[in-house]
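Notes to accompany the following structure.
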Amino acid sequence: MSEKLVLIDGHSILNRAFFGIPDLTNSEGLHTNAVYGFLNIMFKILEEEQPDYLTVAFDVSEPTFRHKMFAEYKGTRKPMAAELKQQVPLMKEMLRAMGVTIVEKGGYEADDLLGTIAKRSEAAGVEVAVVSGDRDLLQLATDHIKIRIPKTKRTGTEIEDYNAKEVLEKYQVTPTEFIDVKALMGDTSDNIPGVPGIGEKTATAIIAKYGSIENAYAHVDELKPPRASTNLKEHYDMAQMSKTLATIDIDADIAYKLADAHLEQVSDLYTEEAYLLCKRLEFKNLLGRFSVEAPKNTAEEHFKKIEKAQEAEAFFASLRGKACGFYVVPQEETHDAHTEADGQMNLFGSFAMQNSGEEAGQQETAGSCHIPDFLGLAVACGEEEICYVEASEALPCRKIRELFAGSAAASYATLDLKPQLKELGMLEKKCLGTISEENLFDNTIAAYLLNPIKNEYPYEDIAKDYAGLMILSRKDLIEKLTYEKAAEKKPEEFLKCVCYMAYVAYKTREPLEKELADTGMEALFREIEMPLVFTLADMEKEGIIASGEALKEYGDKLAVRIDELERKIYEEAGEEFNINSPKQLGVILFEKLSLPNGKKTKTGYSTAADVLDRLAPDYPIVADILEYRQLTKLKSTYADGLVNYIAEDGRIHTSFNQTITATGRLSSTEPNLQNIPMRIELGRLIRKAFLPKSGFVFVDADYSQIELRVLAHLSGDEKLIEAYRNAQDIHRTTASQVFHIPFDEVTDLQRRNAKAVNFGIVYGISSFGLSQDLSITKKEAAEYIERYFETYPKIKGYLDGLVAEAKEKGYVTTMFGRRRPIPELSSSNFMQRSFGERIAMNSPIQGTAADIIKIAMNRVHDRLLAEGLKSRLILTVHDELLVETAVEEEQEVRKILAEEMHGAAQLSVMLEIDVHAGSDWYQAK
DNA sequence: TCTATTTTT
DNA sequence: CGAGCAAAAATAGAT
């Protein structure tokens, strides 16, 4: 049997895959769909053909030889989309990693290389399969050269095969004649002019009869449609030139040795390099093919459960001096807890009791009189030393904690430390025996800093990204069961799951530390984020009193007015409908009542506030709807919503998430206490339900325009810095400087405009956005921005610099080294790219402000404890800190807030704060 | 589970 | 030329 060669048209197949597969992006933001699709097509073909040789040909992106001859006809091809372009080098990297022979040569198109190699190989007695999306290749078809054209259909990829026979059947001409057909009909995408007035039908008919354009010209007067006859006569030179253009060079000057392209078997492509690259690109289902070559995960075989006290003692003793990873397996899980009866309440309730005990000896007594707080502790300190120590009556939590505390390991790594601090009883203290803030390492936070745009940081992702391990996820193992239920129903899977937590922490600590060092984020991690874990744990435990009665009363008041509005709206609409359904509302307003065109649409009419605002003055029903919306929002989300989060201790314990935002800000969930109403008076009243405990007051401090000050510092703009040095109303000063008028003569409108511009600048302004904000024309807005940049030239330079830097490096950084990758900047989509540009301008500013308040939080938190005060930091809202303050400590707390917030960073402008005290959150703000 | 809307900084 | 502002979370409705 003769040998077989598979030849792939690289760009053509990559292009086909790019358009055939929906956009895929890995977590680095690299587009990967074309590479993925290419590999799928390639593997499908290889499995079918089982060839002895494999080669991929690429074009080099300079004008090709054939086209250079007729320079006037080149250049109408559209430039390649950026998302595809960036995948070309990636594809080549992948093929190289697989050891696939790549041919490319300046001056030749892939067609020519394919043609040459195919013909030479055929001459050497080899069967050839040419894979391309391009029908031009059909001219190469013979009995031994098969052209394979993949088509992506709903049912998957189907491949059309053409030997000489199939070409003749389908196109009524031989492969060689196919060139002449193309020369007559032309091809705009290939810049082949053809003969005007001759399309596919006519061309095929002519060539089928005469065999070539030369012979057709010899019988030109006999040609069937008279139009073809005259046109060919007139444009014969064009036809000849087209033929040259359409002919694939089968004698290209290349050194190609078939032997170099040898492929013993398909699995030879599954190399380790290719495996690692597939992992990086997150081709999860391709990875299965690599099973033979995949780094074998043997750790799993050593997972072990310890139930006996003696065994546990020996195990913990073996930790001494070693690096370890651990995981405290919680009994209840805060996640989803409030949906299941009142799990969360019990959890926090037990903390309240635990911490009401005496300060001294708490470590000893905590938990001793309760059921164990945690289920067990998984610890890993080597490839074969991975144990889950299960809590039981014979081996109570207290004992496990004690042994762990005395283990004297060199370092302690874990995924998601914060909840575990609570389980270990490390609230308000930074060490537990030999475990301390200094030797703890939170892998999840490290992974977040290294790539803050991921949605989640589960252990299997961290294992894959930083240790090259492919392991089963929690979901794979125990699905949605809680740990407690899993321990009972799926003990083996449970053991794997918790041991993996510890093992992954152990295994990835070093790589994560190294990456943090390589990216300059060591200090950010050690000095800001790790201490913050302790600060936040304490704040969450503390919580804030919310009065259920006050909320109820407030909600009842809203209900009265909501009823009233509802009736009125139904009357005005002439029927009852669900006002909260944008769909139904849209139909009522814009169809039934035919109000002026429902402007914005995506999946119907927009009923957003800015649309309704414009209609409200003229239509009472719209004004009522707006009020109704406002009130139902207040009632459902705040009045009714918050009550559900009040724990047994009468307080709301929000969760502050440290690994959610792309910029470095914190987020608050269950409930979100960072969007409690403020702007509208009626909503603001909700803050009256948040109270300090008896004998305490609230002291609230917020940074004044921290982002604008950060901008002044980072840009170094003297005029803006000077404006802040004058310590006057900054928006008025801006108006005065931008409009060149004396400070005292600035009108309220001018000040308002200046304020909007100041805000807009921080968000990465566009004239469109500002025009929306101020309801002015885009042109006017553009003028404001221009004048602003004229006034503060360095700001313009700074913002442009940020975008340029982001485009070059792919990310931006804050003053403290925090990174934000911006994959959107490489998008070919205008909207996506503009979005990327705004992100580039906003992130360093928002992120630096976030860094600063985090520093301030740690300092305030630590100092309240260090000074032995009773007052506690309980809330943060981006630029604001709230301290529940013992009445007699108010002056000291004010001083601490002022000093620590002020001193959190040294900028070229002062970091000013406003401090207020009050007997509820409304008054304190 | 996704979309539209609203709330905050 | 385009189409719509930075960062979040919760709710109710629709699918």
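Order of the sequence lines sets the chain letters (A, B, ...), proteins ahead of strands, with each chain counted from 1.
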Per nearest nucleotide of DNA chain C, the residue lying toward the 5' end, A/Met831 or A/Gln846, is A/Met831

Using the [atom1] atoms only, state how far [M] lies from [N], rounded to an integer number of Å.
| N | M | atom1 | result |
| --- | --- | --- | --- |
| C/dG2 | B/dT6 | P | 28 Å |
| B/dT7 | C/dA3 | C1' | 25 Å |
| B/dT3 | C/dC5 | P | 16 Å |

If you look at every strand shown and take non-hydrogen atoms under 4.0 Å, does [X] touch a base, only sugar-phosphate, or nothing?
| X | answer |
| --- | --- |
| A/Gln772 | nothing |
| A/Ala849 | nothing |
| A/Arg820 | sugar-phosphate |
| A/Lys635 | nothing |
| A/Ile676 | sugar-phosphate |
| A/Tyr638 | sugar-phosphate |

Between A/Thr663 and A/Arg818, the two heavy atoms sitting closest are O-CD, 3.3 Å

On a heavy-atom basis, the closest approach of A/Leu666 and A/Gln674 is O-OE1, 3.4 Å

A/Thr637 has its side chain closest, among C/dA14, C/dA8, C/dA10, to C/dA10

Using OP1 and OP2 only, check whether a side-chain N or O of [X] sits under 4.0 Å from [N].
| X | N | value |
| --- | --- | --- |
| A/Arg838 | C/dA6 | yes |
| A/Ser581 | B/dA4 | no |
| A/Arg665 | B/dT9 | no |
| A/Thr632 | C/dA12 | no |

Practice task
Indicate, yes or no, whether a donor-acceptor pair under 3.5 Å links the base of C/dC5 to the side chain of A/Asp773.
Solution key: yes

query: Below 3.5 Å, does any donor atom in the side chain of A/Arg629 face an acceptor in the base of B/dT5, or the other way round?
result: no

Donor-acceptor contacts, no H, no angles, side chain residues 768-775 of chain A, under 3.5 Å, sequence neighbours left out:
from, atom 1, to, atom 2, distance (Å)
A/Ser771, OG, A/Ser767, O, 3.4
A/Ser771, OG, A/Phe768, O, 2.6

Practice task
Please lay out, stage by stage, how A/Glu566 and A/Ile579 fare under the test side-chain contact (heavy atoms from CB on, under 4.5 Å).
Solution key: CA-CA 8 Å; A/Glu566 196 179 282; A/Ile579 309 168; 4.1 Å; yes

Interatomic distance, CD@A/Glu627 vs CZ@A/Arg629, rounded to 0.5 Å, equals 13.5 Å

